[in-house]
Asks: 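Structure below; questions to follow.
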Amino acid sequence: MDILEAFSREIKVFFLSMLPVIELRGAIPYAVSMGMIPIHAALVCLAGSMIPVPFILFFLRPFFSKMRRHKLIRKFEDWLINRTIKRAKNVKKYEALGLMLFVAVPLPSTGVWTGAMAAAFLNMRIKHAFFAIFVGNTIAAFIITFLSHIAAVKM
């Protein structure tokens with residue numbers, strides 16, 4: 001394997017982990033299945049999955065407040081807020097700790113995208129939200145890496 005091939009593999013999983021729904025929960029198993037060392041895959045995916053977080057925290061609310069004038073956007077925003085808050089009940093109740101635990105659970109719709117949206121919609125302090133999301137995402141990365149490594153060893 002040449003260095004260019006290895007680099008392109010890292011770029012693929014880095015960008016894959018930035019995508020909503022997939023995030024590192026899907027990117028780590030994919031990276032391990034491509035032959036990446038599990039801890040290396042976890043670090044690359046953790047870095048990639050954190051890239052969207054500051055943008056969501058800083059720009060989601062201002063974006064929606066500007067776009068609220070349009071009826072279609074307002075309906076979409078209301079749906080998104082209700083869906084996010086419904087899935088993140090404990091985030092509202094326990095704030096940063098709830099946000100960390102919400103992101104840490106490696107289940108569908110509990111990742112950094114939903115966690116960052118919940119933090120933005122609940123007006124959490126950005127530095128607290130970012131730290132909670134990072135810690136929760138690190139825990140999720142550990143869990144997914146462990147499970148991916150176990151699955152790879154059994155094959």
Side-chain angles (χ1 to χ4, degrees), residues 1-64 80-155:
M1 173 190 336
D2 66 0
I3 193 81
L4 213 51
E5 193 176 306
F7 185 68
S8 67
R9 184 176 59 183
E10 289 174 336
I11 295 295
K12 284 178 193 174
V13 297
F14 181 82
F15 283 110
L16 187 63
S17 66
M18 289 172 56
L19 297 174
V21 181
I22 297 173
E23 298 179 9
L24 60 69
R25 289 152 169 76
I28 291 173
Y30 176 71
V32 171
S33 74
M34 289 182 8
M36 286 181 73
I37 297 168
I39 192 68
H40 181 69
L43 293 173
V44 171
C45 293
L46 182 61
S49 66
M50 289 303 295
I51 297 292
V53 173
F55 296 100
I56 296 168
L57 292 174
F58 280 112
F59 300 118
L60 187 66
R61 291 204 57 97
F63 171 77
F64 276 136
L80 186 62
I81 289 171
N82 289 334
R83 178 182 173 272
T84 303
I85 299 301
K86 184 172 74 174
R87 293 176 190 253
K89 288 179 264 184
N90 289 332
V91 173
K92 188 173 186 177
K93 185 175 180 181
Y94 298 109
E95 296 182 4
L97 179 62
L99 181 60
M100 182 203 63
L101 294 172
F102 177 80
V103 173
V105 175
L107 294 173
S109 74
T110 63
V112 296
W113 279 79
T114 307
M117 287 190 294
F121 293 143
L122 294 171
N123 291 319
M124 290 181 73
R125 295 189 64 191
I126 290 174
K127 67 181 181 179
H128 294 151
F130 185 84
F131 183 72
I133 291 168
F134 177 75
V135 171
N137 204 26
T138 302
I139 294 168
F142 176 77
I143 294 168
I144 296 298
T145 302
F146 177 74
L147 294 174
S148 297
H149 177 66
I150 296 299
V153 168
K154 290 192 178 202
M155 293 183 150

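Computed from a predicted structure; not experimentally measured. Counting from 1, the numbers follow the sequence of the chain as shown.
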Asks: Identify each donor-acceptor pair in which a side-chain atom of residues 105-121 lies under 3.5 Å from a protein atom, sequence neighbours left out, and give them as a table.
Replies:
from: Ser109; atom 1: OG; to: Arg87; atom 2: NH1; distance (Å): 2.7
from: Thr110; atom 1: OG1; to: Val105; atom 2: O; distance (Å): 2.5
from: Thr110; atom 1: OG1; to: Leu107; atom 2: N; distance (Å): 3.3
from: Thr110; atom 1: OG1; to: Leu107; atom 2: O; distance (Å): 2.7
from: Trp113; atom 1: NE1; to: Met18; atom 2: O; distance (Å): 3.0

Asks: When you compare the side chain of Leu57 with that of Leu60, does any pair of heavy atoms fall below 4.5 Å?
Replies: no
Asks: With rounding to the nearest 0.5 angstrom, report the CZ to CD1 distance, Phe58 to Ile126.
Replies: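 Rounded to the nearest 0.5 Å, the CZ-CD1 separation comes out at 4.0 Å.
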Asks: Just how far is it from atom CG of Leu99 to atom CG of Leu122, taken to the nearest 0.5 Å?
Replies: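 These two atoms lie 9.0 Å from each other.
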Asks: Can you name the residues that form a side-chain hydrogen bond (donor to acceptor under 3.5 Å, both in side chains) with Arg61, not counting sequence neighbours?
Replies: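 Partners of Arg61 under the side-chain hydrogen bond (donor to acceptor under 3.5 Å, both in side chains) test: Asn123.
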Asks: By the side chain to side chain donor-acceptor pair (under 3.5 Å) test, which pairs, at least two apart or in different chains, include something from residues 11-26?
Replies: none
Asks: Without placing hydrogens or testing angles, list every side-chain donor-acceptor pair under 3.5 Å for residues 143-152, not counting sequence neighbours.
Replies:
from: Thr145; atom 1: OG1; to: Ala141; atom 2: O; distance (Å): 2.6
from: Ser148; atom 1: OG; to: Ile144; atom 2: O; distance (Å): 2.8

Asks: Return a table of donor-acceptor pairs under 3.5 angstrom between the side chains of residues 28-55 and protein atoms on other chains or two or more places apart.
Replies:
from: Ser33; atom 1: OG; to: Pro29; atom 2: O; distance (Å): 3.4
from: Ser33; atom 1: OG; to: Tyr30; atom 2: O; distance (Å): 2.7
from: His40; atom 1: NE2; to: Glu10; atom 2: OE2; distance (Å): 2.1
from: Ser49; atom 1: OG; to: Cys45; atom 2: O; distance (Å): 3.1
from: Ser49; atom 1: OG; to: Leu46; atom 2: O; distance (Å): 3.1
from: Ser49; atom 1: OG; to: Asn137; atom 2: ND2; distance (Å): 2.6

Asks: Using the side-chain contact (heavy atoms from CB on, under 4.5 Å) criterion, which residues pair with Ala96? Sequence neighbours excluded.
Replies: Met124, Ala132
Asks: If you count the non-hydrogen atoms of other residues, nucleotides and ligands that lie under 6.0 Å from CZ in Phe134, is the total more than 12?
Replies: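 12 or below, so no.
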